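Structure first, commentary second.
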Protein chains: 2
Amino acid sequence: MSGDVSDEALALMDIAALAPLIAGSEVSPVDVMQSQLARIEALNPDLNAYVSLYPEAALAAAKEAEAEIAAGRYRGPLHGIPMAVKDLFQVAGMERTCGSRILAEGVANSDATSVARLREAGAIMLGLLSLHEFAFGPTGINPIVGTARNPWNTDRVCGGSSSGSGCATAAHLAMATLGSDTGGSIRIPAALCGVVGLKQTYGLASRAGIYPLCESLDHGGPLARTVRDAALVLDAIAGVDEADPSTAGARVADYTALLGQPLEGLRIGVPRDFFFDRLHPDVEAAVQAALVVLDGLGAVVEEVVLPFTREASQGWNVMAMGEAHTVHGTHLQNNAADLSPDVNQRLRLGEGLSATDYILARQTQARVRREMAGVLERTPILAMPTAVIPSVPIDTGEIMVGDKSVIGWKVLGKLTRLACFTGQPAISIPCGFTQDGLPIGLQLLGPWFEEPLLLQVADAYEQATEWHQRRPPLAV
Amino acid sequence: MSGDVSDEALALMDIAALAPLIAGSEVSPVDVMQSQLARIEALNPDLNAYVSLYPEAALAAAKEAEAEIAAGRYRGPLHGIPMAVKDLFQVAGMERTCGSRILAEGVANSDATSVARLREAGAIMLGLLSLHEFAFGPTGINPIVGTARNPWNTDRVCGGSSSGSGCATAAHLAMATLGSDTGGSIRIPAALCGVVGLKQTYGLASRAGIYPLCESLDHGGPLARTVRDAALVLDAIAGVDEADPSTAGARVADYTALLGQPLEGLRIGVPRDFFFDRLHPDVEAAVQAALVVLDGLGAVVEEVVLPFTREASQGWNVMAMGEAHTVHGTHLQNNAADLSPDVNQRLRLGEGLSATDYILARQTQARVRREMAGVLERTPILAMPTAVIPSVPIDTGEIMVGDKSVIGWKVLGKLTRLACFTGQPAISIPCGFTQDGLPIGLQLLGPWFEEPLLLQVADAYEQATEWHQRRPPLAV
């Protein structure tokens with residue numbers, strides 16, 4: 001027992017609820033960590049969220065946090081909070097694999113910038129979370145380090161590439177996590193696992209120490225159980241970092257500043273033309289209901305047309321394949337047989353691209369950004385599904401939508417690439433469940449560096465609904 | 001006669017000297033224009049600086065300027081000044097060719113942004129100046145629209161690609177001109193024709209309305225007879241332009257602000273390792289003497305090492321060839337036979353480049369920029385020759401350096417690409433003549449957006465020497 005909260009319940013709490021108890025020494029970070037580790041021990045063998053776990057170091061850090069707080073040196077809402085990051089981040093004292101057998105980096109002796117900033121804020125690192133190999137795929141199926149299983153149905157994928165981050169956050173195996181997102185890799189697992197996933201503006205948070213996939217499209221950001229918790233993590237990681245030149249123009253804000261403000265009169269655009277025509281009916285119904293909720297909160301929900309989504313998708317594809325091949329070309333050359341078959345195949349797509357293909361894709365990116373900026377002038381927030389389908393079975397990788405079989409990896413990123421291509425912020429929040437109990441995500445996009453507004457809208461929706469309070473059916 | 005200045009002498013004056021006379025109505029813009037047109041009529045048939053000339057429109061504009069000034073509406077130092085631009089710029093009422101027979105654009109109905117800004121400042125456009133076809137070559141040899149001839153020796157090239165801009169400025173066929181510079185195309189003709197050529201910081205002046213060659217490397221900037229005149233032109237053209245997103249971060253200054261300030265203690269770095277090993281001996285001697293002058297002005301001249309020049313040159317090559325092919329690929333496909341043979345060949349170099357080649361070159365660019373920034377922290381100004389050789393004969397394209405024959409187009413850009421790759425500002429100023437009377441240019445590089453400092457150093461050198469006062473041996 002720790003104060004008035006049972007040990008088991010500690011691991012189930014939100015950061016925002018737990019933090020004041022830690023701050024007031026009503027709850028000890030050591031008890032929180034023990035509760036957290038016990039839950040991981042019980043559930044991770046089935047869920048496979050963690051590739052590697054460092055319980056002794058985590059417990060030692062919890063004791064340090066306890067001592068610091070007892071000495072009056074409370075750091076803020078992340079102090080003593082157990083967190084974990086995708087096995088793509090450098091964490092001092094941990095051994096990164098990137099979900100691959102090709103790298104043999106050994107134990108890292110420094111932190112990725114975002115990890116260092118979380119630790120400065122007092123967060124404690126539990127370990128490294130599963131992912132699609134090299135973060136290059138949307139399902140999280142990984143024959144090398146094992147596939148993380150969806151807490152809502154362990155026969156299903158978590159979505160990827162930050163599969164373990166989605167899994168651990170949903171199953172309360174960490175209070176919040178970091179993932180990375182090049183085409184949807186934070187938002188897809190957030191949607192499929194029923195948690196919040198935020199891809200902040202390109203250039204707002206450092207990628208230094210995150211193994212690159214596509215320099216122009218990569219983002220590292222939070223998955224959490226509430227919008228407020230995601231905002232607290234963003235507060236810690238946002239800001240200029242000399243080690244990542246893309247952050248040179250970062251415009252930082254207080255990310256909880258607008259939470260709780262009314263949405264009255266805010267215009268929200270719904271680009272129906274962009275929704276894939278084979279939208280799963282349960283996804284369609286849940287998103288439609290979510291729009292009604294937003295309307296009820298005073299927002300002005302209206303149709304918008306995004307005439308550039310097809311060229312954005314093609315442009316993303318060329319840039320992503322070209323840049324991924326640039327990073328992993330030597331792996332393809334020297335270690336092809338060691339790669340997951342789908343990653344091997346995906347990497348080959350970049351081989352045949354010409355400089356002109358790539359240059360034209362960058363020109364498309366610049367044009368799409370300008371056109372998106374025009375759209376956001378009228379409707380600063382755009383609402384749509386995060387993914388066109390819910391999670392798919394791990395063994396087949398596909399599900400029926402109506403009378404057609406749909407292959408997960410082909411469609412899961414359809415609606416998330418756009419915000420990576422434009423660089424604008426995007427968030428996935430829980431908005432319902434399929435008839436067979438799988439989570440569904442609502443995706444909101446906002447203007448560059450206006451995360452406070454985006455989080456305000458997401459939080460207002462969350463406060464008006466109860467989806468985020470449901471817990472996956474897991475027996476400890 | 002116009003006031004106390006003879007009509008012939010008007011065309012020979014610097015802008016800075018002429019402007020107060022125009023401002024005070026001692027000299028009429030109409031007389032200036034008549035003097036200018038008479039000189040063009042006399043000399044252009046031999047020199048071939050102009051591809052097209054619009055004397056009636058220029059004279060009408062001069063009358064308008066005269067009336068405006070008489071009515072008390074003097075606009076500033078460019079008011080009533082005859083100028084001309086490279087035939088790569090859109091000028092309303094003029095027909096652009098880009099030195100090619102492929103385009104058939106007809107008469108333009110709007111100005112390039114920089115032309116519009118010059119006209120707002122009161123400058124008058126005479127016509128469009130010769131160039132290497134599509135600005136894609138360093139000699140200015142152009143079998144399509146004719147080759148501009150060097151005013152110092154009409155058997156020689158002007159250097160390119162802004163050959164006509166160098167020619168017209170040197171021969172006083174315009175008081176100042178605009179050129180464009182992707183790898184040296186302003187500075188090389190400035191050096192070979194004995195005038196000042198300034199390539200300002202990437203993103204400081206708009207390229208909107210300049211036919212693109214390589215989006216990431218293109219700059220449009222001034223050629224003038226003095227540093228101060230170049231600063232006056234930059235004053236007019238610098239600044240953010242929505243039509244050219246690269247200018248979004250433009251940091252504008254007063255470009256004559258520091259002229260005349262002493263150089264005492266300023267560190268100037270000399271990267272001798274970077275000088276091509278077949279430097280023409282007269283170039284070497286002139287640059288060496290220039291360094292002595294700078295030292296005499298109080299600057300601290302010291303050796304620096306630029307360990308990145310080879311990879312910068314290779315990276316520039318990949319980016320330039322890839323981007324040029326992206327712009328002109330369809331011309332190559334549909335109109336190969338209409339292209340100058342060397343441009344045809346050069347464009348083909350971009351065909352075989354892969355996306356990964358290009359992406360790696362961009363990464364090199366980012367790294368070289370950071371390393372250059374480190375060098376400039378100690379020595380904010382770098383000094384070197386503009387070109388390793390003086391002008392070459394038009395017919396052979398090559399000259400002897402010692403006992404070796406050197407091919408002009410292969411070496412003329414050796415020392416100028418670097419500043420296009422880094423995007424930092426660079427200027428070429430006259431620093432002497434070869435034994436056979438051909439001009440030699442001193443190149444100075446400075447920190448990004450610190451044109452006031454760069455111009456200060458160039459002006460101090462110019463004031464201490466008389467090279468810029470010599471006039472080519474032309475008989476009107």
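So that the names make sense, note that chain A is the first sequence line, chain B the second, and so on, each numbered from 1. Computed from a predicted structure; not experimentally measured.
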Tell me which donor-acceptor pairs, judged by distance alone and kept under 3.5 Å, run between chain A and chain B, one pair per line.
residue	atom	partner	partner atom	Å
H325(A)	ND1	T356(B)	OG1	2.9
T326(A)	OG1	T356(B)	OG1	3.1
L353(A)	O	A355(B)	N	2.8
A355(A)	N	L353(B)	O	2.8
T356(A)	OG1	H325(B)	ND1	3.0
T356(A)	OG1	T326(B)	OG1	3.1

Interatomic distance, I359(B) atom CD1 to I359(A) atom CD1 [nearest 0.5 angstrom]: 10.0 Å
Among residues at least two apart in sequence or on other chains, which ones pass side-chain contact (heavy atoms from CB on, under 4.5 Å) with A324(A)? F136(A), L213(A), C214(A), L347(A)
Checked P245(B), G322(B), A355(B) vs chain A; the most non-hydrogen pairs under 4.5 Å come from A355(B)
